[in-house]
There are 2 protein chains.
Amino acid sequence: MGTRIGIGRVLAGQEGTLAVLKLEPLDRPEGMTTHEYAHRRLRQAIMVGSIRPGESLTIRGIAEAMESSPTPVREALRRLSSEGALKVLDNRRIMVPKMTAERFGELIALRSTLEQHAARRAVGHITEKQIDRLVAIDKAQDEAIAQKDNATALLLNQEFHRTLYTANPDQIIMPMVESVWLQLGPFLGIAMAHVAQLYFVDRHQEAIAALRKRDEDAVASAINADICEGIGGFERAAIENLLRLAGQ
Amino acid sequence: MGTRIGIGRVLAGQEGTLAVLKLEPLDRPEGMTTHEYAHRRLRQAIMVGSIRPGESLTIRGIAEAMESSPTPVREALRRLSSEGALKVLDNRRIMVPKMTAERFGELIALRSTLEQHAARRAVGHITEKQIDRLVAIDKAQDEAIAQKDNATALLLNQEFHRTLYTANPDQIIMPMVESVWLQLGPFLGIAMAHVAQLYFVDRHQEAIAALRKRDEDAVASAINADICEGIGGFERAAIENLLRLAGQ
DNA sequence: ATTTTCAAAATGTGATCACAAAAATCAATA
DNA sequence: TATTGATTTTTGTGATCACATTTTGAAAAT
């Protein structure tokens, strides 16, 4: 039995998870609906690996934690399960899916395929101005890495990739890319808990140079390397070790 | 302003859409929750192109049509919007996304990439028995085509692809493949409304032969051809013509 | 004939409640 | 001590209601 994120325990402070929900209330733009807000907060927490796989979420618990009611929280949970971030068990409990070495391998392979495709489809549309923006994001990320600020570096890395792919005005792949990021989130959390410092690989300059030359193959190759040598670079044995340590 | 699927109109029988919801009540397995059932029915309707793009759905209208209440219907709609099947407008209206020639092109390209990947990842796992099942499904599809039974042929075609991809026990891509199918659904509806007979391309035998030889590249090639010469085979001019006819 | 104004109807949203199923707690038993 | 069984609590689910916003439809004005 995993732990629960429920009212009592949460209020008693026995769980570390509420901390996530409480600590990062995210600013809520005016006009944003409650279910949207709940969706964003939970999504954020999962994306950065703050919710451990196997931990089951309770609707009432979350509702209480973010001072709302079951209805909008349920909608948020349904969306997240459709996005692959959460899994609904037979007993209707909802939890973050457990990670396995096989699943991890599938996720990395899929991420590479998806993002190479997205990058190729953007090459023909991206402007010099947008490429300059990529340079700026990459620079900011380097600074975050130098300061060992994992969270910021991670966010900037995502922004780099998102900016590239959305250069295609008809792009429809971003939700799927984000779904893979979401599904990799829990592993990130595990890795960060057991590894002193995340080691970042940065093939962004390579991608930028290829973009300037409009070389589709080279762009795809850089993106592939960025993914496979980055988070995908964990060796199988290391992954299994990590997952065992984390009690998966 | 598009038409609405609302209580009054639905009951007045002015809309063709309720027919879809009423005609195919789908059997509801015991224990299936209401929101799950609503999700399945709407999904089915969208997948086969029964709901026209631009038509906006109302929560109460659907709830009334399937004799339930707003709560579970809203959950179903949220899921479908996360799956890319529906779009939430700024005024919070929900509708089937409009199709454009550009979006159609993106969908076909993505479908090809996704399914080639899925097929490749299945080659190493699929058993001879499963390949035999593919043969049976393909045969049934041929019969449906011969009888000009579009709906059945479509369903069997999906089953063929699904059976192939799910041969990989760690497969995680199916939800994304289905998302693309869903997003192509409305175009299918348009095409079927304006074309006398859907013309089916069948590269399945080619795929089966390649699977028997465990030839990954050949499998991917067959899948690519199946998609690009099938639904993807519409010429740009034909697509734009169709969309104009449909008032997109 | 077209546009503007305004009251009525419809709609999305979220809180609350009741019910059934599942989980947890605790006492009794082996 | 470990296990079973019954009671209590927690939880998911869906219907209903109230509120604010949007849309609609008709009347009035241009």
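Residue numbering restarts at 1 for every chain, and letters A, B, ... go by the order of the sequence lines.
Nearest to the side chain of Arg93(A), among dT11(D), dG14(C), dG12(C), sits dT11(D). The Thr58(B) side chain lies nearest to dG12(C) when the options are dT11(D), dA15(C), dG12(C). The side chain of Asn91(B) approaches dT23(D) more closely than any other nucleotide in the set dT23(D), dG12(C), dA22(C). Residue Pro72(B) has its side chain nearest to dG14(D) when only dT13(C), dT13(D), dG14(D) are considered. Comparing dT11(C), dG14(D), dG12(D) by their nearest atom to the side chain of Arg92(A) picks out dG12(D). In the set dG14(C), dG12(C), dT16(D), dT16(D) carries the atom at the smallest distance from any side-chain atom of Ser69(B).
Aromatic ring orientation, Phe104(A) versus Phe187(A): tilted (interplanar angle from 30° to 60°).
Distance, Arg78(B) CZ to dG14(C) P: 7 Å, rounded to whole Å. In this structure, Leu77(A) atom CG and dG14(C) atom P are separated by 14 Å, rounded to whole Å. The distance from atom CE of Met95(A) to atom C1' of dG12(D) is 17 Å, rounded to the nearest whole Å. The CD-P distance, from Glu30(A) to dA20(D), rounds to 15 Å in whole Å. Summarising the geometry, the separation between CZ on Arg60(B) and P on dC19(D) is reported as 14 Å, rounded to the nearest angstrom. Counting to the nearest Å, the C1' atom of dG12(D) and the CD1 atom of Ile59(A) are 5 Å from each other. Computed from coordinates, the Ile62(A) CD1 to dA15(C) C1' distance equals 17 Å when rounded to whole Å. Atom-to-atom, NE2 of His39(B) to C1' of dG14(D) comes out at 18 Å; the value is rounded to the nearest Å.
Between Arg28(B) and Thr34(B), the side chains place a donor N or O and an acceptor N or O closer than 3.5 Å (distance only, hydrogens not considered).
Look at Thr34(A) and you'll find a side-chain N or O under 4.0 angstrom from OP1 or OP2 of dG14(C). An OP1 or OP2 oxygen of dG14(C) is reached within less than 4.0 angstrom by a side-chain nitrogen or oxygen of His35(A).
Rounding to the nearest 0.5 angstrom, the gap separating the CG atom in Asn157(A) from the OG1 atom in Thr152(A) is 12.5 Å.
A heavy-atom distance below 4.5 Å is found between the side chains of His161(A) and Glu115(A).
Judged by closest nucleotide on DNA chain C, Ile94(B) is the one of Ser68(A) and Ile94(B) placed further toward the 5' end.
Exactly one residue among Arg78(A), Arg79(A), Glu75(A) makes a side-chain contact (heavy atoms from CB on, under 4.5 Å) with Arg79(B). That residue is Arg78(A).
Side-chain atoms of Arg74(A) and base atoms of dG14(C) include no donor and acceptor less than 3.5 Å apart. Counting atom types as modelled, Thr71(B) pairs a side-chain N or O with a base atom of dT16(D) as donor and acceptor under 3.5 Å.
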